[in-house]
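For ligands, and for the atoms within them, numbers begin at 1 and follow the listed sequence.
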Amino acid sequence: MENKRGQWGSNLGFLMAAIGSAVGLGNLWGFPYKMGANGGFAFLLIYLMLVAFCGIIIMSIEMSLGRKTGKSPVLAFAQIGKQYKFIGWMGVLSAFVILSFYSTIGGYVIKYMVDFILNIFGNNSFKGVGGAEYFASVFSNPVTSITYHILFMVITIGIVMGGVNKGIENFNKIAMPSLLVMLLVVIVRSVTLPGSVDGIKFMFSFSGAEFNFFKAVRAAGGQMLFSLSLGMGCLITYGSYLSKKENIVKNAFIIPIADTVFALMAGFAILPAVFAKGLDPASGPSLLFQTLHEVFNSMGYIGLILGFIFYMLALFAALTSSVSLLEVACAHFIDTRLEMGKSGNRRMVTAIVGTAVIIFGIPVALDALGSSGMYQPLGLCWLDFYDFLSEGIMMPLAAVFMSLLMGWKIGLGYMENEITLEGNKFIGKSFFAICIKYITPLLMSFVLISLALSFFNR
Ligand code: PFF
């Protein structure tokens with residue numbers, strides 16, 4: 001049990017954990033569809049530009065702030081000035097709110113994985129049931145939804161309780177390579193199905209008539225923040241456990257590249273199979289649990305095995321992200337206790353914060369994706385409401401504040417000192433200097449406004 005602050009065993013361990021945090025449900029259910037629906041290859045280019053002008057910059061700000069202060073977000077910002085603590089608080093709150101809806105979906109993933117195993121061993125619950133009907137029977141059953149939401153959280157809590165090195169790092173070192181192998185297996189089957197090429201065409205083709213540049217920037221911006229786990233202190237927290245000798249800017253390049261490769265691979269795993277079966281793609285839960293279930297179910301016995309592999313990889317992707325979300329919230333309380341001269345007591349803190357997430361997530365689990373008739377805050381279903389608070393408001397807002405603060409108030413020198421420790425070079429310093437002051441805050445402000453408004457025009 002860790003009662004002090006943790007530290008990564010190696011840079012590879014840190015990278016696995018940070019890439020694990022980035023690669024999650026967002027890559028599976030968001031990226032491929034958004035790319036197909038927003039200009040294909042053009043979307044990919046816009047996404048990569050945003051990564052270059054904003055993603056890498058914010059990631060480097062977060063990592064250097066975390067490593068320099070050796071603290072989680074709230075205390076890290078407090079070291080710069082008490083008045084900036086709220087940026088850290090937005091991060092802790094975002095992590096808490098995202099995890100509260102993420103775990104309901106993670107719970108459905110476990111439920112599907114279990115059902116695929118049962119069907120492999122002869123239980124015929126999938127026979128003659130359509131994807132939509134089956135999914136409705138899962139999400140509209142409150143006992144199922146809550147039980148699996150709790151189960152997902154218990155696993156997440158168990159890993160985070162193990163500590164930074166023994167829990168999070170070790171889990172990621174097993175989960176990430178396994179995820180890669182499983183994804184490759186699904187890709188091979190998906191792209192060799194007759195008619196699969198239409199899925200690849202959907203993902204990459206550009207249709208001028210449907211393309212809307214601003215909509216594509218908005219979709220790519222939101223996706224980038226969520227997918228790279230930015231604007232919520234995840235990289236501040238993970239960076240605070242990083243050794244001083246590691247190269248921050250190099251890491252800030254590797255993580256987005258790996259995340260984008262995974263997102264494209266997820267597209268190759270999912271869309272060719274969906275099109276080969278003549279189904280319409282969609283995004284969000286209906287893609288994961290309705291369309292894909294239908295795809296696997298129509299492939300006979302091998303489909304059951306493939307389905308099991310797919311949901312297991314989705315579970316690994318979800319867990320490597322959920323542990324980072326819980327860690328952000330827990331690290332805050334552990335650091336605060338240490339600051340007061342107490343022991344960190346990771347076990348107790350994790351149990352309490354994890355239980356609070358379970359409680360906070362119950363409205364999402366009960367809401368049956370908005371079909372329950374429950375009270376709808378701001379007219380949004382509970383999942384969208386939590387997503388609106390985090391992805392729609394707090395994450396882009398924190399991203400704007402972070403770049404403004406570092407670019408105008410504190411100055412790049414603060415980051416530079418940390419980045420150039422132990423002889424490391426600050427690659428692209430002048431590019432950083434322009435982005436951090438002008439380009440990043442402007443682009444992120446656009447994403448903030450258009451994304452927040454988009455929640456009400458769906
Ligand atoms: N990046 C994760 C995904 O794409 O599913 C979600 C996420 C994890 C967001 C961790 C934010 C975070 F701190």
Under-4.0 Å heavy-atom contact with ligand 1, by part of S229 that carries it:
both
Taking atom types as modelled, is there a side-chain donor on S21 or S229 under 3.5 Å from an acceptor on the other?
yes
Could you say whether the N/O atoms of V23 and ligand 1 ever approach to under 3.5 Å?
no
Considering only non-hydrogen protein atoms, determine which one is nearest to atom 4 (O) of ligand 1 and report residue, atom name and distance to 0.1 Å.
A22 O, 3.1 Å
Counting C-beta onward and ignoring hydrogens, is there a side-chain heavy-atom pair between Y148 and V138 closer than 4.5 Å?
no
Going by the atom numbers of ligand 1, which of them fall below 4.0 Å from some non-hydrogen atom of S321?
2 (C), 8 (C)
Polar proximity ligand 1 side, G26 side, N/O cut 3.5 Å exclusive
yes
Is it true that the side chains of N297 and Y134 contain a donor and an acceptor less than 3.5 Å apart?
no
Students often mix this up, so state it plainly: with edges at 30° and 60°, are the rings of F316 and F171 parallel, tilted or perpendicular?
perpendicular
By number and element, which atoms of ligand 1 are closer than 4.0 Å to a non-hydrogen atom of L25?
5 (O)
Side-chain heavy-atom pair S196, F275 within 4.5 angstrom cut-off
no
Residue and atom name of the nearest protein heavy atom (relative to atom 2 (C) of ligand 1), distance in Å to one decimal
S21 O, 3.4 Å
Under 4.0 Å between a side-chain nitrogen and a carboxylate oxygen: does that hold for E62 and R67?
no
Which of the atoms in ligand 1, numbered in the order shown and given with their element, are less than 4.0 Å from a heavy-atom of C234?
13 (F)
Considering only heavy atoms from C-beta outward, does the side chain of S322 approach that of F152 to under 4.5 Å?
yes
Taking non-hydrogen atoms only, is F226 closer than 4.0 angstrom to ligand 1 via side chain, backbone, both or neither?
both
Tell me if the centroids of the rings in H293 and F135 come within less than 6.0 Å of each other.
no
Starting from atom 5 (O) of ligand 1, what is the nearest protein heavy atom, named by residue and atom, and what distance separates them?
Y102 OH, 2.5 Å
Between M232 and ligand 1, is there a nitrogen or oxygen pair with a distance under 3.5 Å?
no
I'd like to know if A95 contacts ligand 1, where contact means a heavy-atom distance under 4.0 Å to any ligand atom.
no
Output the list of atoms in ligand 1 that are nearer than 4.0 Å to some heavy atom of S324, sorted by atom number.
10 (C)
Hey, can you tell me if Y47 and F43 have their rings parallel, tilted or perpendicular (30° and 60° cut-offs)?
parallel
